Amino acid sequence: MSLDGVRVHLVDDVETAYECKRWLSTLDRVAIDTESTGLSKDTDRARLVQLGDARQAYAIPIEHPGWSALVVELLTRFEGDYVAHNLVFDDAMLRNALGVGLPETRSHDTRLKAHVIESTGSLALKSLAKRHVDPRAAMFQDDLSDVMTKSGWTWATIPLDYEPYWSYGALDTILTYQLDDVLDPLVQREAPASYDLELAVAWVCERMERRGVLVDREYTRAFADELSEYMEQAEAWCHAQYGVYAGSNVKVIEALQAEGIEFTQYTEAGRLSLDKHVLGAIDHPLAQTVLGRRQAQKMVTTYLQNYLDMSERDGRIHPSINTVGGMGKSPFEPGGSSGVRTGRMSSSNPNIQNVPVRGKASTKIRRCFVADPGHSWVKADFSQIEMRAMAHMSNDERMIEAFRSEGDFFVNLGRDIFADPNFKKSDPRRQLIKNGGYAKIYGAGIPKFAATAGVPENEAYEFMQRFDAMYPAVPRWIRQVERDALARLNDEGEAYVRSPLTNRKHVADAGKLYTLVNYDLQGMAGEILKMKIVEADQAGLGEFMLFPVHDEQNYSVPNEQFDDVLVTIKDVMNDDKLLNVPITSSIDVGPGWAASE
DNA sequence: AGCGCGGGCGCG
DNA sequence: AAAGCGCGCCCGCGCT
């Protein structure tokens, strides 16, 4: 496969349009790509639509009414398969421009295929094409940024007939087509189930993005104003009393040192730390005011103000749900983002997955999000899903039994571990058990576990001894994961594990093989939620879906259908077939996301 | 003005 | 022998 002799055409006259139509009618598969006014699936739209096969491609400027009608006709008539690189993005751009999208059952995505084959590395088309298609693909860098800044063009205004613009766009479909030829056999060989799941969930998530979440803007504005006012007062006080800006940690530390306070905690990079634990432990009005202001600022800037800004257009936020990797940098660059690591999904603009749920203001923040009029909010979340994954993977008989028998899982563990049949849910050791379980899942050492649980290290050590003795298949499985990964590192040059559910691959960084235990469990939990979202969609729940949060799915359900829909949600979320322990979930219902009282 | 970094912090 | 995993976003600060 190579780029020798490829041809690209701009559809700017009737003859070329006719040629394009005839060419397409001979194909059973076509690559499709769009150039858009920008990157927002909410507000941007396609300007140029490109169609290509292995040898040639057509670019069609759809701002011309005749050519937009042509594309609608082509899309309606074509009966073969589509392949795109980042399918749901192009689908959204087409919908926004033409009101017509791509058919879910006949469309494929090389970005998802690449992700399934190699969950590390760039998912950018050019970089993949360079590796898999033709090393010269990199020479066709469609880097238009220079000419754009020079000419004052944006993605919305760059002339459609500017040759580098449309020809590089067209070339991308040729690359996509050839890339698909290479990747598809690999996907079918390695992990077809993983790809099918990713493709299915991508479609459902696109619909969730489109729908968005209703924001109570008046309430949000009032709360934001209240906190902002508090911030201003706090800043004025810090400045008047101590001459410092409350936002500057360096200055605040200096001021507190002048008051005789000693600092002993250091940050990663070796500077003095002024995080919330340090501040919280200082009995001084400046420290407490700085802490209060910092918390208020977090609530306003990270949450409330974003909800207001981002819901201005239609009263709703439309968080991006990144099912495999963000639109941004590679996850291995610092600050890079994506769900690439474990196959969990991530969210951005705004991140709907880090909305406060514990602190003082959490209920008030969550109250910003409400069900649609005449609807109720339903939150369905899995119970201890990663623990259940650990029981399943290790196949530990006694841990499986603790899940299968009645009552609270951690209480059941407590009865085992402390040989106390009367162990109650209120027993303070229950927290130690929870911390211990998650320490196993995360691969924590004794010191970290002890610190998290707030117990001396010897106690933490002794607990782990008891835990391992009671559930011996767990440490055995952990050792097995690391042995397998080491063997693969030696044989194949890559330390990885594969998920038993879809054969999805999880790769460890060099020298951090222990992380694979966590990737395996976190990845399995992520896959389970994806499977359940797809299942829920197939059961007719798609139109009610709002967004996922790692182990929960949120819905806005019309009140007149409420009972039926709730039964279906429970049917989907509770499952005793998928793993060797039952999967159970809890359901919360209310007018909005905030826990109803 | 924009960028990268460090620090900090919200969630599972 | 030793190891807490995964995300996204905001601020202050120094640099270009």
Side-chain angles (χ1 to χ4, degrees), chain A residues 149 231 244-253 265-279 290-291 293-306 310 319-322 324-329 331 333-359 361-362 365-366 381-382 384-387 435-453 460 478 482 506 508-509 511-523 525-526 529 547-552 593:
Chain A
T149 43
M231 275 172 64
V244 295
Y245 172 57
S248 169
N249 290 355
V250 174
K251 293 280 186 284
V252 169
I253 287 173
Q265 284 284 107
Y266 288 88
T267 67
E268 186 89 8
R271 301 182 220 181
L272 285 176
S273 168
L274 193 72
D275 67 18
K276 61 178 172 184
H277 299 112
V278 172
L279 276 174
V290 167
L291 184 56
R293 192 215 71 113
R294 188 189 282 170
Q295 286 165 342
Q297 179 184 248
K298 177 79 176 173
M299 295 302 121
V300 173
T301 60
T302 301
Y303 303 109
L304 303 172
Q305 194 55 51
N306 273 338
M310 295 184 192
S320 292
I321 302 165
N322 311 309
V324 296
M327 311 268 300
K329 297 175 253 186
E333 295 172 46
S337 67
S338 83
V340 161
R341 274 294 178 173
T342 63
R344 290 212 302 196
M345 293 176 273
S346 72
S347 164
S348 57
N349 304 307
N351 182 354
I352 196 67
Q353 300 190 145
N354 73 345
V355 179
V357 72
R358 281 180 281 272
S362 61
I365 301 275
R366 290 198 166 214
D381 65 311
F382 294 128
Q384 309 102 15
I385 189 67
E386 286 176 331
M387 286 288 171
N435 292 140
Y438 285 101
K440 274 263 177 292
I441 287 172
Y442 293 141
I446 296 295
K448 200 72 172 180
F449 164 42
T452 309
I478 290 173
E482 298 188 6
H506 298 292
D509 279 348
K512 293 185 81 178
L513 295 196
Y514 70 94
T515 58
L516 284 176
V517 168
N518 179 255
Y519 293 177
D520 220 358
L521 299 174
Q522 202 181 100
L529 185 64
F547 55 86
V549 190
H550 304 309
D551 66 355
E552 87 187 41
W593 202 9

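Since the model is a prediction, treat every value here as computed from it, not as a measurement. Throughout, a chain's letter reflects where its sequence line sits, starting with A, and its residues are numbered from 1.
- Rounded to a whole Å, the CZ atom of A:F449 is 19 Å from the P atom of C:dA2.
- OP1 or OP2 of C:dC13 sits under 4.0 Å from a side-chain N or O of A:S248.
- A:K251 has no side-chain polar atom (N or O) that falls below the 4.0 Å cut-off from OP1 or OP2 of C:dG12.
- Under 4.0 angstrom from either OP1 or OP2 of C:dG6 there lies no side-chain N or O belonging to A:T342.
- The shortest distance between the side-chain N/O atoms of A:N306 and the OP1/OP2 oxygens of C:dC10 is below 4.0 Å.
- For A:K276, counting side-chain heavy atoms from C-beta on, the closest listed nucleotide (B:dG8, B:dG10, B:dG12) is B:dG10.
- When the side-chain nitrogen and oxygen atoms of A:T267 are compared with OP1 and OP2 of B:dG7, one or more of them lie within a distance under 4.0 Å.
- The shortest side-chain heavy-atom distance between A:V549 and A:W593 falls under the 4.5 Å cut-off.
- Nearest heavy-atom pair across A:N349 and A:M310 is C-SD, 3.4 Å.
- Under 4.0 angstrom from either OP1 or OP2 of C:dC5 there lies at least one side-chain N or O belonging to A:K512.
- Taken from NE2 in A:H550 to CD in A:Q353, the straight-line distance is 4.0 Å, to the nearest 0.5 Å.
- A:Y438 OH to A:Q384 CD: the interatomic distance, rounded to the nearest 0.5 Å, is 6.5 Å.
- For C:dG6, the OP1/OP2 oxygens have a side-chain nitrogen or oxygen of A:Y519 closer than 4.0 Å.
- A:N518 has no side-chain polar atom (N or O) that falls below the 4.0 Å cut-off from OP1 or OP2 of C:dA3.
- Within 4.0 Å (heavy atoms only), A:Q297 reaches sugar-phosphate atoms of the nucleic acid but no base atom.
- Phosphate proximity of C:dC5 to A:Y514: present, with a side-chain N or O under 4.0 Å from OP1 or OP2.
- When heavy atoms are screened at a 4.0 angstrom cut-off, A:A269 is found touching the sugar-phosphate backbone but no base atom.
- Considering only side-chain N and O atoms, A:R358 lies under 4.0 angstrom from the phosphate OP1 or OP2 of B:dC11.
- Here the side chain of A:Y245 is nearest to one of C:dC11, C:dC9, B:dG7, namely C:dC11.
- Summarising the geometry, the separation between CG on A:D275 and P on C:dG12 is reported as 17 Å, rounded to the nearest angstrom.
- Here the P atom of nucleotide C:dG12 and the CG atom of A:L272 are 19 Å apart, to the nearest Å.
- Remark: A:Y442 is not in phosphate contact with C:dA3, judged by side-chain N or O atoms under 4.0 Å from OP1 or OP2.
- Residue-level contact check: A:T452 touches the bases, meaning some heavy atom is under 4.0 Å from a base atom.
- Atom CG of A:N351 is separated from atom C1' of B:dG8 by 16 Å (rounded to the nearest Å).
- Within the shown strands, nothing qualifies as a pairing partner of C:dG4 under the Watson-Crick or G-U definition with both distances less than 3.5 Å.
- Interatomic distance, CG of A:N435 versus NZ of A:K448, reported as 12.5 Å (0.5 Å rounding).
- Taken to the nearest 0.5 Å, the NZ atom of A:K440 stands 10.0 Å off from the CE atom of A:M387.
- Checking the phosphate oxygens (OP1, OP2) of B:dG10, no side-chain nitrogen or oxygen of A:S362 falls inside 4.0 Å.
- Taking both residues in full, the closest heavy atoms of A:I321 and A:P548 are given as CD1-CD, 3.8 Å, listed atom of the first, atom of the second, then distance.
- Look at NZ on A:K448: it is 11 Å from C1' on C:dA3, rounded to the nearest Å.
- For A:Q522 against C:dC5, a side-chain N or O and a base N or O form a donor-acceptor pair under 3.5 Å.
- Taking only distance into account, the side chain of A:K298 meets the base of B:dC9 through a donor-acceptor pair shorter than 3.5 Å.
- Summarising the geometry, the separation between CG on A:L274 and P on C:dG12 is reported as 14 Å, rounded to the nearest angstrom.
- Side chain A:N354 to base B:dG10: a donor-acceptor pair is found below 3.5 Å.
- A:L279 places its CG atom 8 Å from the P atom of B:dC9, with the value rounded to the nearest Å.
- Contact annotation: A:R344 side-chain N/O to B:dG12 OP1/OP2 distance is not under 4.0 Å.
- A straight line from CG of A:L513 to C1' of C:dC5 spans 15 Å, rounded to a whole angstrom.
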